[in-house]
Participant: 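Below are the structure tokens for one structure; questions will follow.
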Amino acid sequence: MMLWLRSLIYYLSVALIALFIGAVAGTEWGLIFALVVVACSALFHLYNLGRLHRWMQDPQVDRVPTSFLLWQDLFDKLYDQVRLQKKQQERLAATLERFTSAGEALPDGVLILDEHDRIEWCNQAATQHLGIDRVADVWQVITNIIRQPGLRDYLRSQDFAHPLMLRLTRPVDQVLTVQMVPFDSTRKLLLSRDITQLDRIQTVHRDFIANVSHELRTPLTVVGGFIETMLDMPDVDAATRNKHLELMYDQTQRMQRLVDDLLTLSRLENGMQMKEEEVDVPQLMRLLAVEAEGLSQGRHTVAIGSIVPARLIGNHDELHSAFGNLVSNAIRYTPNGGTITLHWRIDNGQPVFAVQDTGIGIAPEHVPRLTERFYRVDRGRSRATGGTGLGLAIVKHILQRHQAQMAIQSKLGHGSEFAVRFPMQRLLAEI
């Protein structure tokens, strides 16, 4: 039954009772009784109204007043409404918390901006990408914090179909893409993504293509020039023709070495599973010494220094390639009469292979970049001795597959030592 109808019935009942008693007791007493009933009813309502007013100052579901008659019905309905509202608020709070947790877990930065490009909220990734203080920078205009002209122009253009690339130096050197996503009439999402590693890979890729093109251009130009000369001069004498053919052969061999190194590097980078076996390093060192003497052709002294009778778990062919690269580099960069010494020793329980030379040495600023593709300390000397610029890059990948590390010690004008340190678990018992 509706509350207003119940209220009407209640007051009619009180009035009828008052009239009935007044008729029995007489007009005067009936009037007095009716006034008393009305006064008590008014006090009852005022009392409950006061309780309702006090509760509304601090509406708690567990403090809803209780009463009787019509007021109890009102308080019961109020209790149901407040409890329902509290459940809805709890569900909304839980949903908001889940969305906030999801935003915090995103690897991309997320900022919520108002219609004036002021920061309302941002996740942890955004603070790392853009150097934003989540407390001090709230309600600050984003362009006052990130002072990049490109970002200011991007926000003014209102063309958010494509992301904007930013190169930042603070808090660290990084490359970001940012994109604005409007999501209602006033607010916008600013998404940031760290593409520093991708940018570096693209840079390496561009440099790689440029270096390969440069390395191939010279021999192809030489070969093409000689072929054109021989076509234009069909009656060239045998000695000249043989000289041209010999030079063309040298250049094609150079291209073949470059292609072979590129294929080797590609195979190593593709992560093909390595076949592991017992590698007799002392025997491999003797083979390397023979190969070094053949490459040197008597211009250097090749010696085997310290050597321990210990074997290694690894791939024989890959280790042969890596060690051979180190030995051939030592020969290339050691003047005639110099000495190249091979070592196989145990250092603090770890097996170490080292190549020591008395060559020209390496300046300190070049050492960290030696394993980069096509990086050469002396480009002219490297090409003249047949180097492709990929040898140490191949060595690096082979050592990574063997969990080994390479330490380079060099002094300009006094020679170098390239030492390869293997983990203990790859060392077999001494024989």
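The structure presented is a predicted model; accordingly, all values stated were derived computationally and were not measured. Values reported hereafter were calculated over all heavy atoms of this structure, with side chains retained and with hydrogens, waters and symmetry mates removed. One is the number of the first residue; the rest follow in order along the sequence.
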Participant: Is there a donor-acceptor pair under 3.5 Å between the side chain of H300 and the backbone N or O of T334?
Facilitator: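 Such a contact is found between H300 side chain and T334 backbone.
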Participant: If you round to the nearest 0.5 Å, how far is CG of L312 from CD of E276?
Facilitator: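 That separation rounds to 9.5 Å.
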Participant: With side chain to side chain contact (heavy atoms under 4.5 Å, CB included) as the criterion, how do E120 and W139 come out once you've worked through the C-alpha distance, each side chain's angles and the decisive distance to 0.1 Å?
Facilitator: CA-CA 6 Å; E120 291 188 3; W139 300 115; 3.4 Å; yes
Participant: Roughly how far apart are D194 CG and T177 OG1, rounded to 0.5 Å?
Facilitator: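 Taking CG in D194 and OG1 in T177, the distance rounds to 8.5 Å.
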Participant: I362 versus K411: any side-chain heavy-atom pair under 4.5 Å?
Facilitator: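 No, side chains not in contact.
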Participant: If you define the side chain from C-beta out and look only at heavy atoms, does anything of M248 sit under 4.5 Å from L245?
Facilitator: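 A side-chain contact under 4.5 Å exists here.
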Participant: Of all the heavy-atom pairs spanning H402 and N315, show the shortest one and how long it is.
Facilitator: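 Between these two residues, the closest heavy atoms are NE2-N, 3.0 Å.
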Participant: Within this structure, what is the CG-CG distance for the pair L288 and L295, rounded to the nearest 0.5 Å?
Facilitator: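 So the gap between those two atoms works out to 11.5 Å.
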Participant: Quick one: does any side-chain atom of N123 pair with a main-chain N or O of D108 as donor and acceptor, under 3.5 Å?
Facilitator: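 The answer is yes, because a donor-acceptor pair under 3.5 Å joins these two groups.
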Participant: Does R167 form a salt bridge (charged side-chain N to carboxylate O under 4.0 Å, His left out) with D173? I'd like the steps, not just the answer.
Facilitator: CA-CA 8 Å; R167 296 183 180 272; D173 291 339; over 6 Å; no
Participant: Would you call V355 and E417 a side-chain contact if the rule is heavy atoms closer than 4.5 Å?
Facilitator: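 The answer is no; the side chains never approach within 4.5 Å.
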Participant: Determine whether more than 12 heavy atoms belonging to other residues, nucleotides or ligands lie under 6.0 Å from atom CD of Q158.
Facilitator: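 More than 12 heavy atoms, drawn from other residues, nucleotides or ligands, come within 6.0 Å of this atom.
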Participant: Please confirm whether the backbone N or O of L412 pairs with a side-chain atom of H414, one donor and one acceptor, at under 3.5 Å?
Facilitator: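 Present.
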Participant: Would you call D357 and T339 a side-chain contact if the rule is heavy atoms closer than 4.5 Å?
Facilitator: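 With C-beta onward as the side chain, the pair stays apart.
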Participant: Determine the minimum heavy-atom distance between A292 and I331, stating which atoms define it.
Facilitator: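 What the structure gives for the nearest pair is O-CD1, 3.3 Å.
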Participant: Can H129 and S192 be counted as having a side-chain donor-acceptor contact under 3.5 angstrom?
Facilitator: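 The criterion, which ignores hydrogens and geometry beyond distance, is satisfied for S192 and H129.
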Participant: Does K188 pair with D117 as a salt bridge, N-O distance under 4.0 Å?
Facilitator: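 Looking at D117 together with K188, the answer is yes, because their closest N to O distance falls below 4.0 Å.
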Participant: Taking atom CD of Q409 as the centre, does the number of heavy atoms from other residues, nucleotides or ligands within less than 6.0 Å exceed 12?
Facilitator: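 Result for CD/Q409: open.
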Participant: If you look at every heavy atom in L151 and V178, which pair is closest and at what distance?
Facilitator: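 Shortest heavy-atom contact: CD1-CG2, 4.3 Å.
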Participant: Does a sphere of radius 6.0 Å around CD in E228 hold more than 12 heavy atoms from other residues, nucleotides or ligands, not counting ones at 6.0 Å or beyond?
Facilitator: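 Counting neighbours around CD of E228, 12 or fewer heavy atoms of other residues, nucleotides or ligands fall under 6.0 Å, so no.
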Participant: Any Lys/Arg nitrogen of K275 or D317 sitting under 4.0 Å from an Asp/Glu carboxylate oxygen of the other?
Facilitator: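 Salt bridge between K275 and D317, a charged N being under 4.0 Å from a carboxylate O: no.
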Participant: With rounding to the nearest 0.5 Å, note down the distance linking CE in M285 to NE2 in H343.
Facilitator: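 Those atoms lie 8.0 Å apart.
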Participant: Can you list the steps and then say if F323 with V395 is a side chain to side chain contact (heavy atoms under 4.5 Å, CB included)?
Facilitator: CA-CA 8 Å; F323 295 166; V395 171; over 6 Å; no
Participant: Does the distance from a Lys or Arg side-chain N to an Asp or Glu carboxylate O, for D80 and K77, drop under 4.0 Å?
Facilitator: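 No, this pair does not count.
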Participant: Would you indicate whether R193, at its atom CZ, is surrounded by more than 12 heavy atoms from other residues, nucleotides or ligands within a distance under 6.0 Å?
Facilitator: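 12 or below, so no.
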Participant: A161 and Q179: which non-hydrogen atoms are nearest, and at how many Å?
Facilitator: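 Nearest pair, atom of A161 first, then Q179: O-NE2, 3.3 Å.
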Participant: Can you name the nearest heavy-atom pair linking L130 to L111, along with the distance?
Facilitator: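 Closest heavy-atom pair between L130 and L111: CD1-CD1, 3.7 Å.
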Participant: Dump the intermediate steps for side chain to side chain contact (heavy atoms under 4.5 Å, CB included) on H320 and E291, then the final yes or no.
Facilitator: CA-CA 11 Å; H320 186 189; E291 293 174 347; 3.1 Å; yes
Participant: Okay, side chain of N325, backbone of S321: is any donor-acceptor separation there less than 3.5 Å?
Facilitator: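 Checked: pair present.
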Participant: Say whether, by atom type as modelled, one donor and one acceptor occur between the side chain of R426 and the main chain of I313 under 3.5 angstrom.
Facilitator: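 Answer holds: yes.
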Participant: Would you mind reporting whether L176 and I195 have side-chain heavy atoms less than 4.5 Å apart?
Facilitator: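 They are not in side-chain contact.
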Participant: Just how far is it from atom CG of N144 to atom CZ of R118, taken to the nearest 0.5 Å?
Facilitator: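 Reported value, rounded in 0.5 Å steps: 11.5 Å.
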Participant: Taking 4.0 angstrom as the limit, do R401 and E318 come out as a salt bridge?
Facilitator: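 Judged by the 4.0 Å cut-off on N to carboxylate O distance, R401 and E318 do form a salt bridge.
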Participant: Run the side chain to side chain contact (heavy atoms under 4.5 Å, CB included) test on R421 and D347 for me, step by step, so that the C-alpha distance in whole Å, both residues' side-chain angles and the decisive distance to 0.1 Å come before the verdict.
Facilitator: CA-CA 9 Å; R421 182 179 296 270; D347 186 7; 2.8 Å; yes
Participant: CD of Q356 to CZ of F418: how many Å apart, nearest 0.5 Å?
Facilitator: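 Between atom CD of Q356 and atom CZ of F418 there are 12.0 Å.
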Participant: Identify the heavy atoms of Y154 and P163 that sit nearest to each other, and give their distance.
Facilitator: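 Looking at all heavy atoms of both residues, the closest pair is OH-CA, 4.4 Å.
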Participant: Would you find more than 12 non-hydrogen atoms of other residues, nucleotides or ligands less than 6.0 Å from Q283 atom CD?
Facilitator: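 Not more than 12 within 6.0 Å, no.
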Participant: Is any side-chain heavy atom of R91 less than 4.5 Å from a side-chain heavy atom of K87?
Facilitator: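 In contact.
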Participant: Would you say that M180 contacts L113 through its side chain, given a criterion of any heavy-atom pair below 4.5 Å between the two side chains?
Facilitator: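 Yes. Closest side-chain heavy atoms under 4.5 Å.
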Participant: So do the side chains of S306 and W344 get within less than 4.5 Å of each other, counting heavy atoms only?
Facilitator: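 No - every pair of side-chain heavy atoms lies 4.5 Å or more apart.
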Participant: Looking at D114 and R187, is any side-chain nitrogen of the basic one under 4.0 Å from a carboxylate oxygen of the acidic one?
Facilitator: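 Not counted as a salt bridge, because no side-chain N and carboxylate O are separated by less than 4.0 Å.
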Participant: Is it true that E104 and R134 have a side-chain N and a carboxylate O under 4.0 angstrom from each other?
Facilitator: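 Looking at R134 together with E104, the answer is yes, because their closest N to O distance falls below 4.0 Å.
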Participant: Just by modelled atom types, is the G361 backbone N or O under 3.5 Å from a matching donor or acceptor in the S410 side chain?
Facilitator: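 Looks like no, no N/O pair under 3.5 Å.
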Participant: Please determine, by modelled atom types, if S157 and D159 share a side-chain donor-acceptor pair under 3.5 angstrom.
Facilitator: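 Result is no, nothing qualifies.
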Participant: Does S296 offer a backbone N or O that forms a donor-acceptor pair with the side chain of R299 under 3.5 Å?
Facilitator: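 Judged by distance alone, yes, a pair lies under 3.5 Å.
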